[in-house]
Amino acid sequence: MRAIQVEQFGDPEVMRINEISLPPVSENQVLIEVKAIGVNPVDTYIRAGLYPSLPNRPYTPGKDAAGIITAVGPEVKDRKIGDRVYCCGSLTGCYAEQVICEESTVFPMPDNIDFSLAAAVGIPYSTAYFALYYRAHCMPGETLLVHGASGSVGLAALQLAKSNGIKAIGTAGTTEGLKLITQQGAIAALNHNEESYLDKVDELTHGQGVDVILEMLANVNLQKDLELLAKYGRVAVIGNRGTIEIDPRIIMGRNASIFGMSLFNATDNQMRSIHAAIYAGLENGSLKPIISTNLPLEKASEAHRKVLQPGAKGKVILTT
Ligand code: NAP
């Protein structure tokens with residue numbers, strides 16, 4: 001089968017398409033015939049060799065995909081051959097025509113969504129859910145700022161917030177991004193490339209500040225975030241690409257909290273519960289991934305460049 005492989009860490013062109021074969025599935029593993037693949041920023045950090053834990057090479061990138069199960073190991077309990085599924089994490093890499101995953105990272109997809117949409121679910125929706133509810137403990141009726149709402153995680157957060165009675169303000173960096181986040185449930189859309197764009201938050205929250213912030217670029221925004229918080233406000237740091245100086249006095253004065261989060265720390269039980277909630281939202285239509293770009297598997301390099309470009313409008317997908 002065809003698979004993207006990386007032999008040396010480096011720029012997007014290090015990804016090559018090769019013919020490889022996978023071992024037979026064993027124990028609690030499932031084999032998925034991949035129809036579509038979700039491209040995440042983390043795939044680009046690993047490919048560049050700029051991530052704390054790196055795979056042995058050669059390796060096939062990718063954690064998110066959707067397709068049909070074609071084989072199951074003897075200890076698999078809840079999945080069977082023929083199931084339409086998506087995965088969030090894999091053993092052999094998702095940028096391929098087939099992928100082996102542990103059963104605990106494979107989730108059913110409802111009939112009303114196609115494989116491209118399902119491939120856009122795994123990391124973005126579970127990250128948004130984990131940050132919003134497990135880390136920041138956001139409650140219906142609270143005010144949320146999604147700082148970086150036009151990308152995959154941000155749009156998922158807006159949809160989750162809307163369906164649960166949380167009032168979300170969103171930010172984006174382009175006119176199209178601002179329009180998109182308004183369509184996807186933001187009560188106000190602010191341009192993070194404009195000077196003083198956060199001044200409006202005071203008015204939008206009647207001087208109270210926001211209860212929760214989901215932060216996609218903490219090295220740029222964390223100090224500003226702290227100044228926007230209500231008393232007992234919480235910031236969940238989802239994305240970060242550098243360092244920043246903050247004034248801890250602001251946290252003291254507001255009894256505020258900063259939560260770090262890595263989806264990879266979520267337990268199997270937490271993931272099962274998160275994906276059960278996401279399934280319900282996909283099925284009733286309150287959650288629907290937004291795809292910005294669809295490319296064939298052999299264009300993985302282009303997909304990696306695209307995912308890091310400014311002007312996000314949802315998810316970059318590869319199809320087999
Ligand atoms: P994405 O689709 O590429 O979106 C990136 C978002 O960041 C866009 O909305 C972009 O807006 C926004 N952005 C750009 N400049 C900004 C600024 N100055 N202030 C605020 N936002 C800004 O990426 P994603 O998949 O949503 O992921 C978002 C971040 O979370 C990435 O850094 C990713 O690595 C990280 N992440 C972390 C975890 C975890 O477990 N901690 C899991 C998943 C993702 P415009 O393009 O409109 O300017």
Side-chain angles (χ1 to χ4, degrees), residues 37-48 50-53 61-64 88-89 119-132 134-136 145-160 168-184 186 189-198 201 213-225 228 235-242 244 258-267 270-271 274 289-293 303-317:
I37 301 137
V39 177
N40 288 294
V42 68
D43 303 343
T44 72
Y45 314 151
I46 295 171
R47 184 220 69 233
L50 303 172
Y51 200 68
S53 60
K63 299 178 184 304
D64 282 347
C88 183
V121 170
I123 288 189
Y125 280 79
S126 44
T127 297
Y129 197 101
F130 191 61
L132 199 54
Y134 284 75
R135 301 300 291 144
L145 171 66
V146 183
H147 214 159
S150 49
S152 315
V153 177
L155 289 165
L158 290 181
Q159 293 176 359
L160 286 167
I169 300 164
T171 80
T174 61
T175 309
E176 279 178 308
L178 292 166
K179 199 169 146 201
L180 177 63
I181 66 177
T182 308
Q183 286 164 355
Q184 293 305 312
L190 310 175
N191 187 335
H192 49 234
N193 291 327
E194 280 175 6
E195 196 83 3
S196 315
Y197 69 99
L198 292 169
V201 171
I213 299 177
L214 299 189
E215 180 51 63
M216 304 304 158
L217 200 57
N219 55 302
V220 172
N221 295 324
L222 190 56
Q223 173 64 20
K224 289 185 269 183
D225 288 342
L228 297 172
V235 182
V237 175
I238 298 177
N240 182 63
R241 292 179 183 165
I244 184 170
I258 304 171
F259 295 100
M261 75 138 275
S262 168
L263 184 64
F264 304 128
N265 292 331
T267 64
Q270 287 172 330
M271 287 300 260
I274 288 168
I290 307 291
I291 294 177
S292 68
T293 312
H304 272 208
R305 278 193 296 276
K306 181 91 193 148
V307 84
L308 291 187
Q309 271 166 12
K313 284 176 290 173
K315 188 85 203 161
V316 178
I317 294 290

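Remember, it's a predicted structure, so these values are computed and weren't measured experimentally. Start at 1 and go down the list; that is how both ligands and their atoms are numbered. Residues: numbered from 1 along the sequence shown.
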May I ask you to identify the nearest protein heavy atom to atom 28 (C) of ligand 1, giving residue, atom name and distance to one decimal place in Å? Met216 SD, 3.9 Å
Short side-chain to backbone donor-acceptor contact, Asp64 and Ile123, under 3.5 Å: yes
Which of the atoms in ligand 1, numbered in the order shown and given with their element, are less than 4.0 Å from a heavy-atom of Ser262? 40 (O), 41 (N)
Would you mind listing which atoms of ligand 1 come within a distance below 4.0 Å of any non-hydrogen atom of Val307? 3 (O)
Just which atoms of ligand 1 are under 4.0 Å from any heavy atom in Thr127? 38 (C), 42 (C), 43 (C)
Protein heavy-atom partner closest to atom 40 (O) of ligand 1 - residue, atom, separation in Å: Leu263 N, 2.8 Å
Arg241 CZ to Tyr45 OH distance, which is reported to the nearest 0.5 Å: 3.5 Å
Short N/O distance, under 3.5 Å, between Pro41 and ligand 1? no
Hey, is CD on Glu176 packed in by over 12 heavy atoms from elsewhere, all under 6.0 Å? no
Can you tell me the protein heavy atom closest to atom 5 (C) of ligand 1 and the distance? Gly151 CA, 4.4 Å
If you measure every N/O of Asn193 against every N/O of ligand 1, is any gap under 3.5 Å? no
Winner among Ser126, Gly177, Gly148, Ala218 once heavy atoms are compared against atom 12 (C) of ligand 1: Gly148
Ligand 1 atoms in contact with Ala312 (distance to a heavy atom under 4.0 Å): 8 (C), 45 (P), 46 (O), 47 (O)
For ligand 1, is Tyr45 a contact, meaning one of its heavy atoms is under 4.0 Å away? yes
Other residues, nucleotides and ligands only: do more than 12 of their heavy atoms fall within 6.0 Å of NZ on Lys306? no
Short N/O distance, under 3.5 Å, between Ser150 and ligand 1? yes
Would you check whether Val153 has a nitrogen or oxygen atom less than 3.5 angstrom from a nitrogen or oxygen atom of ligand 1? yes
Using modelled atom types only, decide if a donor and an acceptor are shared between the side chain of Thr171 and the backbone of Asn191 within a distance under 3.5 Å. no
Tell me which protein heavy atom sits closest to atom 22 (C) of ligand 1, plus the residue, atom name and distance to 0.1 Å. His192 CE1, 3.3 Å
Ligand 1 to Pro310, heavy atom cutoff 4.0 Å, flagged ligand atoms 46 (O)
Heavy-atom closest pair (Ala218 atom, Val237 atom, distance to 0.1 Å) is CB-CG1, 3.6 Å
Using the ring of each side chain (for Trp, its six-membered ring), is His192 parallel, tilted or perpendicular to Tyr197, with breaks at 30° and 60°? perpendicular
Please say whether Val42 places an N or O atom under 3.5 Å from an N or O atom belonging to ligand 1. no
How does Asn221 reach ligand 1, if at all, at less than 4.0 Å between non-hydrogen atoms: by side chain, backbone, both, or neither? side chain
May I ask you to list the atoms of ligand 1 that are less than 4.0 angstrom from any heavy atom of His147? 20 (C), 21 (N)
For ligand 1, find out whether one of its N or O atoms is nearer than 3.5 Å to an N or O atom of Ile123. no
Heavy-atom distances under 4.0 Å are what count here, so tell me which part of Met261 touches ligand 1: side chain, backbone, both or neither. both
With nothing but distance in play, are any N or O atoms of Ala172 less than 3.5 Å from an N or O of ligand 1? no
Close-contact set for ligand 1 against Arg241 heavy atoms, below 4.0 Å: 31 (C), 32 (O)
Give yes if a backbone or side-chain nitrogen or oxygen of Leu217 is under 3.5 Å from a nitrogen or oxygen of ligand 1, and no if not. no
Ranked by distance from atom 2 (O) of ligand 1, the top protein heavy atom is Ser152 N, 3.0 Å
Do ligand 1 and Thr171 have nitrogen or oxygen atoms that lie under 3.5 Å from each other? no
Locate the shortest heavy-atom distance separating Ser150 from Leu155; write the atom from each residue and the value. O-CD1, 3.5 Å
Would one find an N or O of Asn40, backbone or side chain, under 3.5 Å from an N or O of ligand 1? no
Ala149 contact mode with ligand 1 (heavy-atom cut-off under 4.0 Å): backbone
State the CD-CG distance between Glu215 and Asn221, to the nearest 0.5 angstrom. 4.0 Å
For Gly173, take its heavy atoms, then give the atoms of ligand 1 lying under 4.0 Å from any of them. 45 (P), 47 (O), 48 (O)
Sequence neighbours excluded, the answer for salt bridge (Lys or Arg N to Asp or Glu O under 4.0 Å) partners of Glu194 is none
Looking only at protein heavy atoms, identify the closest one to atom 37 (C) of ligand 1 and say how far it is in Å. Ile238 O, 3.0 Å
